[in-house]
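For reference, the structure is listed below as structure tokens.
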There are 2 protein chains.
Amino acid sequence: MTTDDTRGLAESLSRELRHLVLLLRRTTAGQPITTQQYSVLGSLEGGGRRMTELAEEHAVQLPTMTVQINRLEEAGLVARAADPADARVRTVELTDEGRTRLYAVRQSRIAYLTRQLSTLTPEERAAIDVALPALAKLGRS
Amino acid sequence: MTTDDTRGLAESLSRELRHLVLLLRRTTAGQPITTQQYSVLGSLEGGGRRMTELAEEHAVQLPTMTVQINRLEEAGLVARAADPADARVRTVELTDEGRTRLYAVRQSRIAYLTRQLSTLTPEERAAIDVALPALAKLGRS
DNA sequence: GGCGAATACTTAGACAGACTAAGTTAGTAT
DNA sequence: ATACTAACTTAGTCTGTCTAAGTATTCGCC
């Protein structure tokens, strides 16, 4: 429709957001880790990160991240290390097992989404493709 | 790019889904009810529903819905009633206060999303507008 | 070079939200 | 009438989130 009715679009988007959350939940249903754990592992893929960074990136408070990292550490998926330049800082990195787990869950998620997307028409898939960069910008202000 | 790379699209979508969840969280941050409570109230807007229906619609188990409705009932936002045709069934409906609260939170959410959307270009908004129906179809199979 | 403030993180305690298992009450079928 | 099924609640456990308070380390500055 390409209208200029920003508020009307906001209403539609508001309605769809819950649906997308349910979709996300389904992508990791039955997986050996939760959606949040998967998400944190993903942040570590590029190398070690500090606790503060992780908390900010995931929009949670530091204590929440402490708890999540504790559990991932107990599960052997991440390891804490010290920052040689600042003894207050703890860095977190993936273990080999954590990396393996991350990739396995990612493949499973992508397979699920691929199946879902393949039920759409090519035009619908193209529409989503075009909209993703715009959706990515939302909420970053 | 309107490619036919469904798997590649699935990967992009997988990456964006978490971002959209954070966006949803922000839409009800600071509100007097949680995202889930808002969502349940929304299901009751069209009239009374039974517990089983609500649980299915929100993709949770019955006991989870029982707890949520308990809290909403304690808060005076919904009321339980009996089904005259089947004494096992409990129906749930909005109270006047619940309806008022639902509308207030909805306005606040939509205002937030409108502000966010207004930071995009008209083309980006148009892209989201076109993609929403396709996103709505995802995961319904 | 030492003292107060700020920073990075953890611990503790609370509560929402989700699950499974088990219990209660009511309808259904034979 | 009895057994089965359906609808819901209760109880117990776990994750995810928060705030408040505690510990350890670094920084600023005199």
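Residue numbers start from 1 in every chain, and the chains themselves are labelled A, B, ... in the order their sequence lines are given, proteins ahead of strands.
Between the CZ atom of A:Arg71 and the P atom of D:dC14 there is a distance of 10 Å, rounded to whole Å. Rounded to whole angstrom, the span from the CD atom of B:Gln61 across to the C1' atom of C:dA22 amounts to 15 Å. Counting to the nearest Å, the P atom of C:dT25 and the CG atom of B:Asp86 are 16 Å from each other. Remark: P of D:dA6 and CE of B:Met65 are 21 Å apart, rounded to the nearest angstrom. In this entry the distance linking CZ of B:Arg26 with P of D:dT17 reads 13 Å, nearest Å.
Among C:dA21, D:dT15, C:dG27, the nucleotide with an atom closest to any side-chain atom of B:Pro63 is C:dA21. When each of C:dA8, C:dA26, C:dT11 is scored by its nearest atom to the side-chain atoms of A:Asn70, the top-ranked nucleotide is C:dT11. Of the listed nucleotides (D:dG16, D:dC18, D:dA6), D:dC18 has the atom at the smallest distance from the side chain of A:Val60. In the set D:dT10, C:dT20, C:dT10, C:dT10 carries the atom at the smallest distance from any side-chain atom of A:Leu62. Between D:dT9, D:dA7, D:dT17, one nucleotide has an atom nearer to the side chain of B:Thr66 than all others, and that is D:dT9. Listed candidates were D:dG16, D:dT25, C:dG17. Nearest to the side chain of B:Thr34 is C:dG17.
Sequence order on DNA chain D of the closest nucleotides to A:Thr64 and B:Arg50 puts B:Arg50 first from the 5' end.
In this structure, B:Arg80 reaches the D:dT9 phosphate: one of its side-chain N or O atoms is under 4.0 Å from OP1 or OP2. When the side-chain nitrogen and oxygen atoms of B:Gln36 are compared with OP1 and OP2 of C:dA18, one or more of them lie within a distance under 4.0 Å.
Exactly one residue among B:Arg26, B:Gln31, B:Gln107 makes a side chain to side chain contact (heavy atoms under 4.5 Å, CB included) with B:Tyr112. That residue is B:Arg26.
Remark: the backbone N or O of A:Asp5 is not paired with any side-chain donor or acceptor of B:Arg125 at under 3.5 angstrom.
If you check distances only, the side chain of B:Arg88 never reaches the base of C:dT25 with a donor-acceptor pair under 3.5 Å.
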